[in-house]
Protein chains: 2
Amino acid sequence: MHNIMHEMHSHHQRDGSETGIMRALQKNGHKLTRQRQVILEVFLKMDGHPSPEEIHKEIRRKGYRLSLATIYRTLKMLLEAGFVRKLEFGDGQSRYERQKEGNQHLHMICKCCGQTLEAPAMDVDWLFEELAEKHAFVLHSYTTYLYGLCNACISASSKKAITQKKG
Amino acid sequence: MHNIMHEMHSHHQRDGSETGIMRALQKNGHKLTRQRQVILEVFLKMDGHPSPEEIHKEIRRKGYRLSLATIYRTLKMLLEAGFVRKLEFGDGQSRYERQKEGNQHLHMICKCCGQTLEAPAMDVDWLFEELAEKHAFVLHSYTTYLYGLCNACISASSKKAITQKKG
DNA sequence: TTCAATGCAAAACATTTGCAATCTT
DNA sequence: AAGATTGCAAATGTTTTGCATTGAA
């Protein structure tokens, strides 16, 4: 039941397209329902890290109609199958991003405006690997959140500081 | 109102003891109540990453009696003041750990038993710093979760594999 | 004395679940 | 036809909040 993704990559072309994922899920005993197609289709087209609620809104905006519960259930399935990653930015709701193999990245979260940007992981990969090994830990995946201020907010706040002296 | 901690470090000895923190909070206009003393005292003595609920239980176990709401409110205050860090392991409840300056570490979370261990950050620090800089991002803090299997669970599962062939 | 902080219960959320109806296969 | 999946509403679990009361300064 775990990480269908790997299987997919060995047997199929590594597309990870909507149909590719659906086929992989199907092969693993899941049924191919209209709802799952819609969720996948809409989710894959969304940028950033949408929450279940946001995915639901987007789905309705596009004229489809399905229950929030189904979105939760589908996301859980996709998570267990390894097609998505679950993120927690600390704002009370969970967020999801697509799991693209070999595309690890860090999340930089601006404390001021809440915007998140992504930085490619680069050297971090082997560093974490080495670190885990040192602790006899088998590393499967990782998530990193960098908190601070984005460029826009720094500019804004320094401008404000000039205006009102002493922030 | 933000990061009283820094202020404390420049004016006081950098102890971060219960009284040290209380004094710093007080200096910033917060009132020194019995409840806050108790929460701080108990929390600082707890290991790991206790959730508000766990802190509450521990407090009651020690014979004190105060409301869960107060714990939430106090933790929020400590968070905004920079004395604690908030963590989300993905198990549905938030967890808190003490913010010790210059003691950054990564969290290794075992997917099997749920246990978390900590690894000192080492080289990660400047790597993140460099990365942030490259994106014009001012780094304040970071949190890293490494997911995988701990030593104990690996041993256990390999033992099981021998017994039942094909896991 | 004054206003912040507390306790309590209710409210607000996000997420999960039970169950009857409905789809895939 | 059989069993998985859905929708709905209710349940759950965590966190927040309104408000009267208490307590620190």
Side-chain angles (χ1 to χ4, degrees), chain A residues 1 4 19 21-43 49-60 64-81 84 86-96 114, chain B residues 1 4 19 21-43 49-60 63-81 84-96 114:
Chain A
M1 184 69 78
I4 299 172
T19 52
I21 293 174
M22 282 311 254
R23 215 175 298 155
L25 289 171
Q26 207 172 180
K27 187 173 285 191
N28 265 68
H30 296 285
K31 288 187 174 165
L32 174 40
T33 66
R34 180 88 190 106
Q35 288 87 333
R36 286 173 180 170
Q37 281 178 48
V38 168
I39 292 170
L40 214 47
E41 178 197 321
V42 172
F43 172 72
H49 319 91
S51 65
E53 186 66 46
E54 285 166 351
I55 297 171
H56 192 224
K57 281 214 186 80
E58 179 68 4
I59 283 173
R60 305 199 77 169
Y64 303 112
R65 206 131 295 233
L66 53 84
S67 87
L68 187 55
T70 298
I71 294 180
Y72 274 101
R73 286 192 270 233
T74 300
L75 285 171
K76 179 178 270 184
M77 182 190 70
L78 290 170
L79 184 67
E80 280 165 1
V84 300
K86 189 180 183 180
L87 303 172
E88 321 243 352
F89 291 168
D91 61 347
Q93 52 190 337
S94 59
R95 304 180 161 281
Y96 292 82
Chain B
M1 185 71 77
I4 299 172
T19 52
I21 293 174
M22 282 311 256
R23 216 174 297 155
L25 289 172
Q26 206 172 180
K27 188 173 286 190
N28 265 69
H30 296 286
K31 288 186 176 168
L32 174 41
T33 66
R34 180 89 190 105
Q35 287 89 333
R36 286 173 179 171
Q37 281 178 48
V38 169
I39 293 170
L40 213 46
E41 179 198 321
V42 172
F43 172 71
H49 319 92
S51 65
E53 186 66 46
E54 285 166 351
I55 296 171
H56 192 223
K57 280 215 186 81
E58 178 68 4
I59 283 173
R60 307 199 75 168
Y64 304 111
R65 207 130 295 234
L66 53 85
S67 88
L68 186 56
T70 298
I71 294 181
Y72 274 100
R73 288 192 268 232
T74 300
L75 285 171
K76 179 180 269 185
M77 182 188 71
L78 291 170
L79 185 67
E80 280 165 2
V84 302
R85 287 158 50 78
K86 188 179 184 181
L87 303 173
E88 320 243 351
F89 290 168
D91 61 345
Q93 52 191 337
S94 58
R95 303 181 162 281
Y96 292 82

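Excluded from the calculations below are hydrogen atoms, water molecules and symmetry mates; all remaining heavy atoms, backbone and side chain alike, are included. Values in this document were obtained by computation on a predicted structure and should not be read as measured data. Just so we're on the same page: letters track the sequence lines, and every chain starts at 1.
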Candidate pair B:L66 and B:I59, rule side-chain contact (heavy atoms from CB on, under 4.5 Å), full reasoning: CA-CA 8 Å; B:L66 53 85; B:I59 283 173; 4.2 Å; yes
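- Between A:L75 atom CG and C:dA14 atom C1' there is a gap of 13 Å when expressed in whole angstrom units.
- Evaluation of the side chain to side chain contact (heavy atoms under 4.5 Å, CB included) rule for B:S51 yields B:E53, B:E54, B:Q93, B:R95 as partners, not counting sequence neighbours.
- Under the side chain to side chain contact (heavy atoms under 4.5 Å, CB included) criterion, B:R34 pairs with B:Q37, B:V38, B:Y64, not counting sequence neighbours.
- Partners of B:H56 under the ring-ring contact (aromatic ring centres under 6.0 Å, His included) rule, at least two apart in sequence or in another chain, do not exist in this structure.
- Contacts of B:E58 classified as side chain to side chain donor-acceptor pair (under 3.5 Å), with partners at least two apart in sequence or in another chain: B:R61.
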Reading 5' to 3' through nucleotides 17-25 of chain C, protein heavy-atom contacts under 4.0 Å coded B for base, S for sugar-phosphate only, - for none: BB-----BS
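- When each of B:L68 and A:S67 is assigned the nucleotide of DNA chain D with its nearest heavy atom, A:S67 is the one assigned upstream, toward the 5' end.
- Between its two ends, the helix from C:dT1-D:dA25 to C:dT25-D:dA1 turns its axis by 40°, counting five pairs per end and rounding to 10 degrees.
- A:S94 comes within 4.0 angstrom of the backbone, heavy atoms only, and of no base.
- Each of B:S51 and A:I39 lies near DNA chain D, and the nucleotide nearest A:I39 is the one positioned closer to the 5' end.
- The shortest side-chain heavy-atom distance between B:F89 and B:H49 falls under the 4.5 Å cut-off.
- Extent of DNA chain D lying under 4.0 Å from chain B heavy atoms, first and last nucleotide in 5' to 3' order, is D:dT14 to D:dA25.
- In this structure, B:T70 reaches the C:dG7 phosphate: one of its side-chain N or O atoms is under 4.0 Å from OP1 or OP2.
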Check: residues 70-78 of chain B side-chain donor-acceptor pairs under 3.5 Å, at least two apart:
from: B:T70; atom 1: OG1; to: B:S67; atom 2: OG; distance (Å): 3.2
from: B:T74; atom 1: OG1; to: B:T70; atom 2: O; distance (Å): 2.8

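- Distance CE (A:M77) to C1' (C:dT15): 18 Å, rounded to an integer number of Å.
- Between the B:R36 side chain and the B:M22 main chain, no donor and acceptor come within less than 3.5 Å of each other.
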